[in-house]
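For this chain, numbers begin at 1 and follow the sequence in order. Because only heavy atoms are used, hydrogens play no part in the values below, and waters and symmetry mates are left out as well, while side chains stay in.
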Amino acid sequence: MDINRYTPSYGINHKHMIRLSNYSTEEIFEILYATKVMKGKFIAHENTRILQGVTVALLFGDTSLRTRCALEIGVRQLGGVCVNLPYSENDMSAGENIKDIVNVISRYGVGALVTRGISQNELEEFCAVSEIPIINSTNEYSIPLQTLCDLYTIWEKKGKLEGLKLAYLGKGSSNAATLITGAIKCGMDVAVATPEQFAISENALDEAMQYGNVTVTKNPAEAVKNADIVYTDSYNYHSALSAAEKEVLKPYQVNKTIMSLAACGAYFMHSLPAGRGVEVTADVIDGKNSIVLEQGENKLHVIKAALAMLIK
């Protein structure tokens, strides 16, 4: 389906945003079009205070910099306020009940709960009882907001999604798994090159392949050939690599040689934080074809679009 031939209604049927695989192509397009509107209003300095009087709660069980920043600034720009809820595994093991947590905060007038680092099982329990929207910013299974940000950035820079080729190199992750599913749903061709011990899970690949073909290889040159987008992710985020693991991943580094195999005008993408000299060389990530800063910028507008569409 061609996003440029789609007519948005600016509405989605889902109450929560936990996994992007639950969203149809049309619903993904709805959020991308809403993002375009949000960014346009931001650039034009138009008032977008549609969450006036709304409180958004953040429940983060994991560290965050850009996502937390984008959330707090985005909610404020929409006229709402953010509150940070303390979270620890000790609280949960001491008897905190998920149903009690979400039902109580909804009575405080909270309009949505945004989580990070909360396990998939816990999130599903949250959603089963929550009267307010739950948005998963990141967990071990899915990173929907990042993929929406990536898809919007590609659309903005390339003018389309359908028919483009995305190559993902390096360490398989929940980010990679979510990205390939979102890209396939939007009509993109996807090639993945990872070493065996860092492969994307079979379940994630099977899920993506329900919607299109994914080329899986151990050869980064094969994956990158004629790619319009070359994407990699952090190797060291949250857990440092051993010397042996670094050697295994070394051939998958995105450098000028790898980028020369991609299509003319191919863009480089990375969700950040980046290890310059590790998964990508400085001359690539800081080069003219890198759009990582645009990705970071667009996270603000994607978050605002998602909140605006989910909070009723």
Side-chain angles (χ1 to χ4, degrees), residues 20 28 32 66 138 142-158 160-195 198-201 204-205 208 212-237 249 251-263 265-276 278-299 302:
L20 201 60
I28 292 173
L32 298 185
R66 278 160 300 278
T138 300
S142 184
I143 310 183
L145 290 174
Q146 182 63 53
T147 291
L148 289 167
C149 167
D150 296 336
L151 292 172
Y152 178 78
T153 305
I154 295 168
W155 181 33
E156 182 179 59
K157 299 299 290 186
K158 286 290 190 181
K160 64 177 183 176
L161 292 172
E162 189 177 44
L164 294 176
K165 180 181 177 181
L166 169 73
Y168 180 91
L169 272 60
K171 186 179 179 183
S173 61
S174 55
N175 186 26
T178 311
L179 176 66
I180 63 173
T181 296
I184 287 288
K185 283 192 171 189
C186 291
M188 299 178 71
D189 297 319
V190 176
V192 175
T194 62
F198 291 109
I200 297 172
S201 74
L205 289 173
N213 293 321
V214 179
T215 299
V216 180
T217 178
K218 296 178 185 177
N219 185 340
E222 179 185 351
V224 169
K225 185 178 181 181
N226 296 324
D228 300 288
I229 305 292
V230 180
Y231 198 117
T232 192
D233 204 358
S234 174
Y235 291 174
N236 290 306
Y237 195 46
L249 284 161
Y252 297 85
Q253 182 191 72
V254 180
N255 49 41
K256 280 191 171 181
T257 300
I258 284 291
M259 289 299 295
S260 70
L261 302 174
Y267 288 118
F268 170 76
M269 300 182 75
H270 192 302
S271 62
L272 300 179
R276 286 167 172 79
V278 184
E279 70 269 11
V280 59
T281 55
D283 55 3
V284 170
I285 193 170
D286 298 323
K288 64 179 182 179
N289 285 1
S290 171
I291 53 174
V292 298
L293 295 182
E294 285 84 349
Q295 287 174 265
E297 174 189 356
N298 288 331
K299 184 172 285 188
V302 164

Report task. Check for a donor-acceptor pair, side chain of Thr178 on one end and backbone N or O of Ile143 on the other, with a separation under 3.5 Å. Result -> yes

Query raised in the report: Hey, what do you get for CG (Asn298) to CD (Glu156), rounding to the nearest 0.5 Å?
Result: 4.5 Å

Query raised in the report: Between the main-chain N or O of Lys225 and the side-chain N or O of Lys165, is there a donor-acceptor pair closer than 3.5 Å?
Result: yes

Would you mind writing out the side-chain donor-acceptor pairs for residues 180-195 within the sub-3.5 Å range, not counting sequence neighbours?
from   : atom 1 : to     : atom 2 : distance (Å)
Thr181 : OG1    : Ala177 : O      : 3.2
Lys185 : NZ     : Ser21  : O      : 2.8
Lys185 : NZ     : Tyr23  : O      : 2.5

Query raised in the report: Does Asn255 have any side-chain contact (heavy atoms from CB on, under 4.5 Å) partners at least two apart in sequence or in another chain, and if so, which?
Result: Gln253, Thr257, Ile258, Thr281

Query - Separation of Leu32 CG from Leu161 CG (nearest 0.5 Å) - result: 7.0 Å

Query raised in the report: For the residue pair Tyr152 and Trp155, does the interplanar ring angle fall in the parallel (under 30°), tilted (30 to 60°) or perpendicular (over 60°) class?
Result: perpendicular

**Report entry** Between CG on residue Leu20 and OG1 on residue Thr147, distance to nearest 0.5 Å
**Finding:** 6.0 Å

Report task. Carefully, step by step, assess Asp150 and Tyr231 under the rule side-chain contact (heavy atoms from CB on, under 4.5 Å). Result -> CA-CA 10 Å; Asp150 296 336; Tyr231 198 117; 2.8 Å; yes

Requested in this report: Evaluate the side-chain contact (heavy atoms from CB on, under 4.5 Å) criterion for residues Ser234 and Lys171: first the C-alpha distance (whole Å), next the side-chain angles of each, then the deciding distance (0.1 Å), finally the verdict.
Outcome: CA-CA 8 Å; Ser234 174; Lys171 186 179 179 183; over 6 Å; no

**Report entry** Minimal non-hydrogen separation, Ala263 against Asp228, with atom names
**Finding:** CB-OD1, 4.0 Å

Report task. State whether a side-chain donor-acceptor pair under 3.5 Å links Ser271 with Gln146. Result -> no

Query raised in the report: Any side-chain heavy atom of Ile291 within less than 4.5 Å of one from Met269?
Result: yes

Report task. Indicate yes or no for a side-chain donor-acceptor contact from Tyr252 to the backbone of Lys218 under 3.5 Å, with no hydrogens or angles considered. Result -> yes

Query raised in the report: Do Val254 and Met259 come within less than 4.5 Å of each other through their side chains, counting heavy atoms only?
Result: yes

Query - Pairwise side-chain contact, Leu272 with Gln295, heavy-atom cut-off 4.5 Å (strictly under) - result: no

Query raised in the report: Judged by atom type as modelled, is there a donor-acceptor pair below 3.5 Å linking the side chain of Asn289 to the main-chain atoms of Phe268?
Result: no

Requested in this report: Count the heavy atoms belonging to other residues, nucleotides or ligands that lie under 6.0 Å from CG of Asn213, then report whether that count exceeds 12.
Outcome: no

Query raised in the report: CG/Leu179 to CG/Leu148 distance, rounded to the nearest 0.5 angstrom?
Result: 10.5 Å

Report task. Could you pull out the closest heavy-atom pair between Asp286 and Arg276, with the gap in Å? Result -> OD1-NH2, 2.8 Å

**Report entry** Nearest heavy atoms of Ile285 and Ala274, plus distance in Å
**Finding:** CD1-CB, 3.4 Å

Query raised in the report: Taking all atoms of both residues into account, what is the closest heavy-atom pair of Asp233 and Glu279, and its distance?
Result: O-CG, 3.4 Å

Query - Separation between OG of Ser173 and CD1 of Ile200, rounded to the nearest 0.5 Å - result: 7.0 Å

